[in-house]
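Naming convention: chains lettered A, B, ... in sequence-line order (proteins, then strands); numbering from 1 in each chain. Just so it is clear, the values below take in all heavy atoms, side chains as well, and ignore hydrogens, waters and symmetry mates.
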Amino acid sequence: MKHHPRKQPGTLLLAATLALLLNTTAFAAPRDELLAGYAAAAKTADPAFAGFSATRGEAFHRQSFAGGKADTPACTSCHARDPRTSGQTPAGKAIDPVALSASPGRYADPAKVEKWFKRNCNEVLGRQCTAQEKGDWLSFMISQ
Amino acid sequence: MKPMQPMNAITLPYRPIALGLLAIAFSALVFQRAQAGGSHYFPPVGDPVVKEECGSCHLAFPPSMLPASSWKRMMGELTNHFGDDASVDPATARHITNYLVSNAGDTGGQRYSDKLLRGTSTSKAPLRITELDRWVKEHREVPAWEWQHKEVRSKANCLACHAGAERGYYDD
């Protein structure tokens with residue numbers, strides 16, 4: 001950078017910080033918004049709602065349900081018990097880990113998240129998941 | 001006549017180069033033929049939306065493996081897709097249907113699916129590739145225990161045995 005006049009290193013620093021900030025928010029925002037949406041819905045359903053719990057999400061992930069399909073009684077019928085490892089669909093295709101740390105691109109598209117909750121809750125529980133269940137499960141995956 | 005400058009001129013071995021190029025061109029031609037006409041090549045799905053929507057639960061099967069009538073029928077009953085709800089929004093469904101139909105075995109993909117669809121009645125609109133006569137015949141030697149192997153699980157799991165399936169190759 002010898003041939004460039006040395007000017008305003010502060011501006012550069014500011015620009016870099018801004019760029020970094022914007023970048024981080026661009027990735028984090030959809031997940032936060034998604035969780036905020038589920039939180040608002042959970043609060044409406046139950047005024048005593050006091051936030052999501054990754055621990056409850058973990059239990060939910062491993063729980064067996066009777067209301068859905070016989071061959072997929074739990075999330076872990078297809079996703080791995082340890083969310084940081086790969087799962088497998090009934091058709092034999094590998095599923096990327098559901099833990100955010102292992103699949104950093106996940107949960108950035110709210111429409112996609114909703115699409116899969118809709119399908120999978122129906123298959124596993126035989127009903128739609130509540131906002132509380134979705135938020136708990138997602139909190140567990142984001143914490144992993 | 002002007003004298004040349006032999007000391008500076010680069011002498012290229014024209015003959016070996018020409019022969020080499022000819023050999024490359026010839027093998028490229030043969031390869032292309034083999035690829036296009038080989039009965040075990042089915043061009044993989046190239047459309048990103050189709051690949052995403054049809055390739056989450058199973059391999060995104062090449063559209064040339066079924067006739068257009070099959071794809072239309074399948075896209076019309078996505079809420080019960082072999083027992084699963086695979087429905088997508090109407091705009092996405094239209095996009096996928098267009099792609100599948102225009103690349104179906106009896107439309108765009110006919111040169112690839114010639115053998116696989118032989119004996120298949122288009123009017124019957126078969127839904128399972130694994131029930132096509134030709135498919136059954138080609139897989140008759142695979143024992144039951146192999147299909148049940150935990151890494152196979154399903155006849156829809158082409159990739160378990162055909163390592164090149166995602167690239168369109170379904171050789172033995």
[atom1] ([X]) with more than 12 external heavy atoms under 6.0 Å:
X: B:K51; atom1: NZ; value: no
X: A:Q63; atom1: CD; value: yes
X: B:E166; atom1: CD; value: no

| task | Drop me the distance from B:N157's CG to A:Q88's CD, to the nearest 0.5 angstrom. | result | 7.0 Å
| note | d(B:C57 SG, A:I95 CD1) to nearest 0.5 Å is 7.5 Å
| message | Test: disulfide bond (SG atoms under 2.5 Å apart). Region: residues 114-144 of chain A. Which pairs qualify, not counting sequence neighbours? | response |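 Disulfide bond (SG atoms under 2.5 Å apart) check on residues 114-144 of chain A returns A:C121-A:C129.
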Side chain from CB out, backbone as N, CA, C, O: work out which of these in [X] comes under 4.5 Å of a heavy atom of chain A, or both, or neither.
X: B:K150; value: backbone
X: B:E52; value: side chain
X: B:L59; value: backbone

| query | Going only through I, L, V, M, F, W and Y residues with side-chain contacts under 4.5 Å, is there a path from B:V142 to B:V152? | reply | yes
| query | Is there a path from B:Y170 to B:L159 through hydrophobic residues (I, L, V, M, F, W, Y) whose side chains come within less than 4.5 Å of each other? | reply |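 Unlinked, B:Y170 and B:L159 end up in two clusters.
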| request: Could you tell me whether B:D84 and A:R119 make a salt bridge, using a distance below 4.0 angstrom between a side-chain N and a carboxylate O? | output: no
| message | Restricting to non-hydrogen atoms, name the atom on A:K93 and the atom on B:S56 that form the minimum distance, rounded to 0.1 Å. | response | CD-O, 3.7 Å
| Nearest heavy-atom pair of A:P90 and B:R153: which atoms, and what distance? | O-CB, 4.0 Å
| field | Most contacts with chain A, counted as non-hydrogen pairs under 4.5 angstrom, among B:A156, B:A160, B:A86 | value |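 Ranked by heavy-atom pairs under 4.5 Å with chain A, first place is B:A86.
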| task | Name all pairs fulfilling the ring pair (Phe, Tyr, Trp, His ring centres under 6.0 Å) condition that reach into residues 59-104 of chain B, sequence neighbours left out, sorted by first residue then second. | result |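 For residues 59-104 of chain B, and leaving out neighbouring residues, the ring pair (Phe, Tyr, Trp, His ring centres under 6.0 Å) pairs sorted by first residue read B:H58-B:F61.
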